[in-house]
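The structure appears right after this line, and notes come after that.
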2 protein chains.
Amino acid sequence: MDSEKCRALVTAVELGSMSAAAQQLGYTASGITRMVNALEAELGITLIARTSRGVALTSDGVALEPFLRELALTAERARQQAAAAKAC
Amino acid sequence: MDSEKCRALVTAVELGSMSAAAQQLGYTASGITRMVNALEAELGITLIARTSRGVALTSDGVALEPFLRELALTAERARQQAAAAKAC
DNA sequence: GCCAGTTACGCCGACCGTAATGATA
DNA sequence: TATCATTACGGTCGGCGTAACTGGC
């Protein structure tokens, strides 16, 4: 499971939009769509409901969102720790 | 950051050997080596010291190991949560 | 028509096993 | 020489942007 995909999903949910998440994370909307699709395929469940006005979590997505957010945060903390270690 | 790479590193450290981790995780030693290399490259620091008798954490590795372990565990928990959601 | 998401296409890079190589005891 | 790690090689798969497409307002 890739932390970047988790970050993509969390950001899309927070902003309510794939496009907005793409802009914020430096991807295209196409890329974000595929990241979320890949995450859903890996887990075997649908995480977000797509509408023409944006995206929202499904009930399954609500249950998993804390784990995915935690995973993205842990990756970020690991990177910061690595940067600190490198500075020493 | 890929949770599978974190699991590879944690397992290699626990078993003290890339080959043993490979056998346990269903990879070849070559694959484990590259996973660990990729993780180190992504973080920009060396995580484990290689000897001909096996592997051991560097001091940087000791500092980061909890994060990588937590990341792998969180991914595992997410998968279990997804499986539970699918069963409902 | 506009805006959001999706998909086809093509390129490039990542991944992994096999097999050969290096290093150490 | 036996064992562990690494690397070159080849095939395959995945990721990403661009551009074309679909659906709802």
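Every chain is numbered from 1, with letters handed out A, B, ... down the list of sequences. As the structure is a prediction and not an experimental result, all values here were calculated from the model.
Rounded to whole angstrom, the span from the CD1 atom of A/I48 across to the C1' atom of C/dT6 amounts to 12 Å. Remark: P of C/dA4 and OH of A/Y27 are 21 Å apart, rounded to the nearest angstrom. In this structure, the CZ atom of A/R53 is 14 Å from the C1' atom of C/dC2, given to the nearest Å. If you take CG of B/L25 and C1' of C/dG17, they are 16 Å apart, rounded to a whole angstrom. A/D2 places its CG atom 12 Å from the C1' atom of C/dA14, with the value rounded to the nearest Å. Note: CE (B/M18) to P (C/dA23) measures 16 Å, nearest angstrom. Atoms CE (B/M1) and P (C/dA14) sit 16 Å apart, rounded to a whole Å.
The OG atom of A/S19 sits 13.0 Å away from atom CD of A/Q24, with the distance rounded to the nearest 0.5 Å. Going from atom CZ of A/R7 over to atom CG of A/D2 covers 10.0 Å, rounded to the nearest 0.5 Å.
In this model, a side-chain donor or acceptor of A/S30 finds a partner on the base of C/dT7 within 3.5 Å.
Protein chain B touches strand DNA chain D; the 5'-most and 3'-most nucleotides with an atom under 4.0 angstrom of its non-hydrogen atoms are D/dC4 to D/dA8.
The backbone N or O of B/F67 sits nowhere less than 3.5 Å from a side-chain atom of A/Q81 that would complete a donor-acceptor pair. In terms of modelled atom types and a separation under 3.5 Å, the side chain of A/S3 and the main chain of B/M1 share a donor-acceptor contact. Between the side chain of A/E65 and the main chain of A/V13, no donor-acceptor pair closer than 3.5 Å is present.
A salt bridge links B/R50 to B/E40: at least one charged side-chain nitrogen sits closer than 4.0 Å to a carboxylate oxygen. The existence of a salt bridge linking A/E70 and A/R77 is confirmed by a sub-4.0 Å separation between a basic side-chain nitrogen and an acidic carboxylate oxygen.
When heavy atoms are screened at a 4.0 angstrom cut-off, A/R34 is found touching base atoms of the nucleic acid. A/S19 comes within 4.0 angstrom of sugar-phosphate atoms only, judged by non-hydrogen atoms across all strands, and of no base.
For B/T28 and C/dG17, the shortest distance from a side-chain N or O to OP1 or OP2 is below 4.0 Å.
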